[in-house]
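Below is one structure; the comments refer to it alone.
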Amino acid sequence: MNIEGLRKIGKRLIKEMPCLRESAGVKIPLGIGAGGDKTFGIDKKAEEIVLTGLEELKEPITLISEELGIMELNGGGTKVIMDPVDGSRNAIAGIPVYCTSIAVSAGENLGGVILSYVVDLVRGDEFWAEKGGGAFLNGHRLHAQIDNELYLAAYEAQSPGRDIPAIMPLLSRARKTRCLGSTALDLAYLASGAISVFACPSSSRSFDFAGGWLLVKEAGGIITDMEGREIDDIHLGLQRSTPLLAAGNMALHRAALSLLAPAGKNE
């Protein structure tokens, strides 16, 4: 499996998914997916496109998907971690910020991810990364933020009443803040240098961040849990596993950690 194989799947998504934006059927809840959230028609359609593309590769694959759960193709093998639509709530509300995220791992843990592909299902932008080979947006090399200015802090608030107060010291120091509602796109834009720091205080699942994790790493950024611990050993599965803190460079990451530290911790 290689990036071109994933991009071939992405081309189908780019062709078919934007046409569904105004369709009432994509907003209909179909049940609860394996990840525990509601599955909508748009999730199902995206998953079907990716699944068909993976089957055509005729490779042994163990698929981990937010909707289907765990499925073995051709006897099972290389792990493929997928979120068919990251930002489903945006999609069904008519907010044009959502994507498909795919990561390929040679092992059981996040550190084994060797390929990632994130495609914006509205704009058609393609982000991809290969371990040791860099990160790219539509074929152009990506670099995370180089300087140390906290221009834009992005965040995900699964439980706003709890999460936003926890990260307010960070948000209040940034020039601007954004909550996009799509973790994979947050991390992709951080890899591009558009976002300085991204914080998600509540535990996320690996299919939310596996693709973005490699994009950030290959673009020169830093991504850990909210206490600065490495997350490479996180098991790739359906369960919620870790909060996230990502930054364009080490200095920004250290500054974010300092702002988020409990009062008196660093004294």
Side-chain angles (χ1 to χ4, degrees), residues 1-21 23 26-27 30 33-35 37-57 61 63-71 73 78-105 113 115-130 135-139 142 156 180-192 204-216 236 238:
M1 190 179 303
N2 55 36
I3 289 296
E4 289 310 310
L6 298 181
R7 291 192 67 201
K8 184 177 179 180
I9 295 172
K11 296 300 183 187
R12 293 183 183 177
L13 290 164
I14 292 168
K15 180 180 179 180
E16 298 185 38
M17 295 302 293
C19 303
L20 301 177
R21 284 184 63 187
S23 171
V26 302
K27 301 180 181 182
L30 303 177
D37 294 333
K38 285 184 179 179
T39 296
F40 293 88
I42 195 166
D43 300 299
K44 196 66 176 175
K45 180 61 177 177
E47 187 173 62
E48 288 172 356
I49 293 171
V50 177
L51 183 58
T52 297
L54 292 174
E55 288 173 336
E56 290 177 356
L57 295 175
I61 290 169
L63 176 65
I64 302 172
S65 173
E66 180 179 17
E67 311 306 333
L68 279 175
I70 300 175
M71 171 184 286
L73 304 178
T78 302
K79 276 192 164 41
V80 176
I81 306 93
M82 170 179 66
D83 191 344
V85 181
D86 183 26
S88 295
R89 292 288 176 179
N90 285 345
I92 63 175
I95 299 171
V97 183
Y98 50 96
C99 67
T100 295
S101 176
I102 305 172
V104 179
S105 178
V113 172
L115 298 174
S116 73
Y117 179 75
V118 175
V119 57
D120 187 317
L121 295 176
V122 179
R123 294 173 52 86
D125 286 334
E126 298 176 277
F127 299 84
W128 68 83
E130 184 172 4
F136 299 85
L137 166 58
N138 298 331
L142 292 181
E156 178 66 25
L180 301 183
S182 171
T183 296
L185 283 177
D186 280 312
L187 295 174
Y189 283 123
L190 187 142
S192 76
S204 295
R205 295 160 297 198
S206 55
F207 49 74
D208 292 322
F209 58 80
W213 175 84
L214 187 61
L215 284 168
V216 170
L236 297 171
L238 297 170

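Predicted model only: the values in this text are computed from it and were never measured.
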Exercise for the section: Measure across Ser65 and Leu238 and return the closest heavy-atom pair with its distance rounded to 0.1 Å. Expected result: O-CD2, 3.5 Å

Completion exercise
Hits for side chain to side chain donor-acceptor pair (under 3.5 Å) against Asp125, two or more places apart or cross-chain, chain-then-number order -> Arg123, Asn138

Handout entry: Partners passing side-chain contact (heavy atoms from CB on, under 4.5 Å) against Ser105 (at least two apart in sequence or in another chain)
Key = Lys79, Ile81, Val113, Leu236

Practice task
Not counting sequence neighbours, list each pair that qualifies as a side-chain hydrogen bond (donor to acceptor under 3.5 Å, both in side chains) and has a residue in residues 5-14.
Solution key: Arg7-Glu126, Lys11-Glu126, Arg12-Glu56

Exercise for the section: Check whether any side-chain N or O of Asp120 sits under 3.5 Å from a backbone N or O of Leu185 as a donor-acceptor pair, and report yes or no. Expected result: no

Exercise for the section: Could you pull out the closest heavy-atom pair between Gly139 and Phe136, with the gap in Å? Expected result: O-CD2, 3.8 Å

Problem - Residue list, side chain to side chain donor-acceptor pair (under 3.5 Å) with Ser116, at least two apart or on another chain - result: none

Problem - side-chain contact (heavy atoms from CB on, under 4.5 Å) partners for Leu73, two or more places apart - result: Leu51, Leu54, Glu55, Ile61, Met71

Completion exercise
Heavy-atom closest pair (Ile14 atom, Val119 atom, distance to 0.1 Å) is CG1-CG2, 3.6 Å

Problem - Non-hydrogen atoms of Val50 and Ile9 that approach each other most closely - result: CA-CG2, 3.8 Å

Fill in the blank from the handout: side chain to side chain donor-acceptor pair (under 3.5 Å) filter on Asp86, not counting sequence neighbours, yields Ser182

Handout entry: Min side-chain heavy-atom separation Thr100-Met17 under 4.5 Å
Key = no

Problem - Which residues share a side-chain contact (heavy atoms from CB on, under 4.5 Å) with Ala188, sequence neighbours left out - result: Phe127, Leu215

Completion exercise
Heavy-atom nearest pair, Ala91 first then Ile42, reads CB-CD1, 3.8 Å

Exercise for the section: Search all heavy atoms of Phe207 against all heavy atoms of Asp83 and return the closest pair with its distance. Expected result: O-CB, 3.6 Å

Exercise for the section: For Asp208, enumerate each residue passing the salt bridge (charged side-chain N to carboxylate O under 4.0 Å, His left out) test, keeping only those at least two apart in sequence or located in another chain. Expected result: Arg205

Exercise for the section: Measure the CG-CG distance between Leu137 and Leu142 for me, rounded to the nearest 0.5 Å. Expected result: 5.5 Å

Handout entry: Heavy-atom side-chain contact between Val122 and Tyr98 under 4.5 Å
Key = yes

Handout entry: From Met1 atom CE to Leu115 atom CG, the distance as rounded to the nearest 0.5 Å
Key = 8.0 Å

Completion exercise
For Tyr117, the ring-ring contact (aromatic ring centres under 6.0 Å, His included) test, sequence neighbours excluded, returns none

Exercise for the section: Output the distance between atom OG1 (Thr78) and atom CG (Leu57), rounded to the nearest 0.5 Å. Expected result: 10.5 Å

